[in-house]
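These notes concern the structure reproduced below.
Numbers here simply count residues along the sequence, with the first being 1.
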Amino acid sequence: MPSIENSYSWIRLAASIILSTLGCVGMWSLVVALPAVQADFDAPRAEATLPYTLAIIGFMTGGIVVGRLADRFGILPPLAGGTILMSLGYVLTAFAPNLSVFALICGLTIGLGGAASFAPLVADASLWFDRHRGLAVSLATAGSSLAGVVWPPVVQHAIAAHGWRQTHIGIGLFCLATMLPLSLVLLRRPVFHKATPATASKGNTMQAIGLSPGATQGLLALAGMCCCVAMSMPQVHLVAYCGDLGYGAARGAEMLAVMLGFGVASRLIFGWVLNLIGGLPTLLLGSAMQAVALALYLPFDGLVSLYVISAVFGLAQGGIVPSYAVIIRELFPAREAGFRVSLAISVTLAGMALGGWMAGAIYDWTGSYASALVNGIAWNIVNMAIAAWLLERQRRHAAGACAASAALS
């Protein structure tokens with residue numbers, strides 16, 4: 001059967017990466033603004049993290065809804081609507097009178113609106129590739145990491161020069177003016193009746209790993225939440241951590257950009273790995289690497305060492321989120337991709353939200369981030385156990401299928 005990939009597939013992927021880079025600003029601007037918002041509203045660290053937590057919950061909920069809508073109407077209508085909602089939210093946050101109102105606006109507008117720029121765009125990209133699907137999915141997820149490279153230094157500089165309220169107004173207007181025209185590139189919808197060997201042979205979870213679709217999706221959701229509880233600790237609190245150590249928020253923003261810049265490089269590397277060994281082995285590999293990188297933050301807190309460890313952490317965690325999208329496409333039919341991929345990836349944001357809050361709460365209880373790091377490592381180990389168990393079931397069922405085929409022949 002002819003491949004579904006063509007030049008438009010790559011043009012569409014490039015547009016998706018740019019849209020995701022712009023639309024995922026909410027994942028990082030609130031992290032960079034955390035010290036300024038905390039000082040403005042005179043709040044404890046855990047309470048100041050609440051706007052980020054609610055925004056990530058909005059990203060999670062909105063991603064699932066938009067994924068379902070994209071299966072039915074295509075990606076463009078919900079993406080355009082989400083862009084307008086997110087942009088409006090940034091403007092509204094500038095007039096928030098207290099932390100509670102600020103947090104609520106972040107969740108209902110920045111989170112829900114920005115959600116269309118993350119998991120649903122990854123799901124959409126997977127529908128336009130078959131020969132290079134692993135690489136395409138990895139590149140599609142790179143937009144959220146690129147957002148972490150581009151936005152933190154810009155937002156930090158703008159906050160220092162103009163304050164966080166004026167900065168939020170500028171972000172909202174900029175995203176509205178750039179994202180809506182670019183989203184028109186995604187007007188065309190995929191054609192599902194053009195079957196390929198990949199789509200013809202996949203989609204039966206009982207045959208592949210011996211579990212029902214619901215149980216498979218549930219285990220992947222749990223694994224995604226666990227790995228991102230661990231992932232969130234340095235990503236959410238690195239800027240504040242550097243402030244506590246006396247290095248300043250600007251250094252923390254630079255480290256975050258370094259981490260996510262190496263995360264983009266990691267997407268390219270793991271895209272090749274995904275094509276080579278598949279989703280579940282890549283998930284286990286990336287999770288193990290993340291646990292090691294996270295543990296390095298415990299003994300080292302020097303300025304140079306933190307830059308190096310942040311780069312190592314970025315390289316380690318870059319392949320985890322794309323793995324979930326590839327696993328879903330390996331185990332479920334293409335017509336369900338929008339909802340199931342968005343669900344799998346969006347649930348990882350629950351781990352980011354929970355982990356970000358937990359790290360802040362543990363810091364408030366102990367006065368140190370050491371216990372928060374240990375907590376993250378423990379969650380990461382649970383993720384590795386789930387990935388290893390699913391991989392073993394997959395291998396056992398593959399061996400059983402081979403034996404049955406040999407017996408029949």
On a heavy-atom basis, which atom in [X] and which in [Y] lie closest, and how many Å separate them?
X: Arg133; Y: Ser126; result: NE-O, 3.4 Å
X: Ala140; Y: Ile17; result: CA-CG1, 4.3 Å
X: Gly351; Y: Ser232; result: O-OG, 4.0 Å
X: Pro120; Y: Val66; result: CG-CG1, 3.5 Å
X: Gly63; Y: Ala115; result: N-CB, 3.3 Å

Report yes or no: does [X] contribute a side-chain atom to a donor-acceptor pair with the main-chain N or O of [Y] at less than 3.5 Å?
X: Trp28; Y: Ser144; result: yes
X: Tyr297; Y: Pro234; result: no
X: Thr348; Y: Ile345; result: yes
X: Ser342; Y: Phe339; result: no
X: Glu330; Y: Gly279; result: yes
X: Asn380; Y: Ser287; result: yes

Show the numbers, then the answer: is there a side chain to side chain contact (heavy atoms under 4.5 Å, CB included) between Trp151 and Val32?
-> CA-CA 9 Å; Trp151 284 109; Val32 176; over 6 Å; no
Partner residues of Tyr8 under the ring-ring contact (aromatic ring centres under 6.0 Å, His included) criterion, sequence neighbours left out | Trp128
Who pairs with Phe129 by ring-ring contact (aromatic ring centres under 6.0 Å, His included), at least two apart in sequence or on another chain?
-> Trp10
Taking salt bridge (charged side-chain N to carboxylate O under 4.0 Å, His left out) as the cut-off, I'd like each qualifying pair that reaches into [range], sequence neighbours left out, listed once.
range: residues 91-104; result: none
range: residues 60-70; result: none
range: residues 9-31; result: Arg12-Asp124
range: residues 370-380; result: none

Ring pair (Phe, Tyr, Trp, His ring centres under 6.0 Å) pairs, two or more places apart, involving residues 248-278 = none
Determine which pairs satisfy ring pair (Phe, Tyr, Trp, His ring centres under 6.0 Å) with at least one residue from residues 341-363, sequence neighbours left out, and list them in order.
-> Tyr363-Tyr369
Quick one: do Trp379 and Asn375 satisfy side-chain hydrogen bond (donor to acceptor under 3.5 Å, both in side chains)? Show the steps, please.
-> CA-CA 7 Å; Trp379 284 82; Asn375 175 69; 3.3 Å; yes
Non-hydrogen side-chain atoms of Trp389 and Leu219 separated by less than 4.5 Å = yes
Between [atom1] of [X] and [atom2] of [Y], what distance do you get to the nearest 0.5 Å?
X: Phe313; Y: Met231; atom1: CZ; atom2: CE; value: 6.0 Å
X: Cys227; Y: Leu222; atom1: SG; atom2: CG; value: 10.0 Å
X: Thr21; Y: Met179; atom1: OG1; atom2: CE; value: 9.5 Å
X: Gln217; Y: Glu336; atom1: CD; atom2: CD; value: 9.0 Å
X: Leu186; Y: Ile11; atom1: CG; atom2: CD1; value: 11.5 Å
X: Leu284; Y: Ile320; atom1: CG; atom2: CD1; value: 10.5 Å

Taking only residues two or more places apart in sequence, or in another chain, which ones meet Arg131 in a salt bridge (Lys or Arg N to Asp or Glu O under 4.0 Å)?
-> Glu5
Salt bridge flag under 4.0 Å for residues Glu392 and Arg395 | no
Identify each donor-acceptor pair in which a side-chain atom of residues 85-108 lies under 3.5 Å from a protein atom, sequence neighbours left out, and give them as a table.
unit_1 : atom_1 : unit_2 : atom_2 : d
Ser87  : OG     : Thr83  : O      : 2.9
Ser87  : OG     : Gly172 : O      : 3.3
Ser87  : OG     : Leu176 : N      : 3.4
Tyr90  : OH     : Gly26  : N      : 3.3
Tyr90  : OH     : Ser29  : OG     : 2.6
Thr93  : OG1    : Tyr90  : O      : 2.7
Thr93  : OG1    : His168 : ND1    : 2.8
Asn98  : OD1    : Ser100 : N      : 3.2
Asn98  : OD1    : Val101 : N      : 2.9

For Asn6, all residues meeting side-chain hydrogen bond (donor to acceptor under 3.5 Å, both in side chains), sequence neighbours excluded | Ser9
side-chain hydrogen bond (donor to acceptor under 3.5 Å, both in side chains) partners of Gln235, counting only residues at least two apart | none
Take Ser117 and Leu19, measure what side chain to side chain contact (heavy atoms under 4.5 Å, CB included) needs, and give me the verdict at the end.
-> CA-CA 6 Å; Ser117 303; Leu19 285 166; 5.6 Å; no
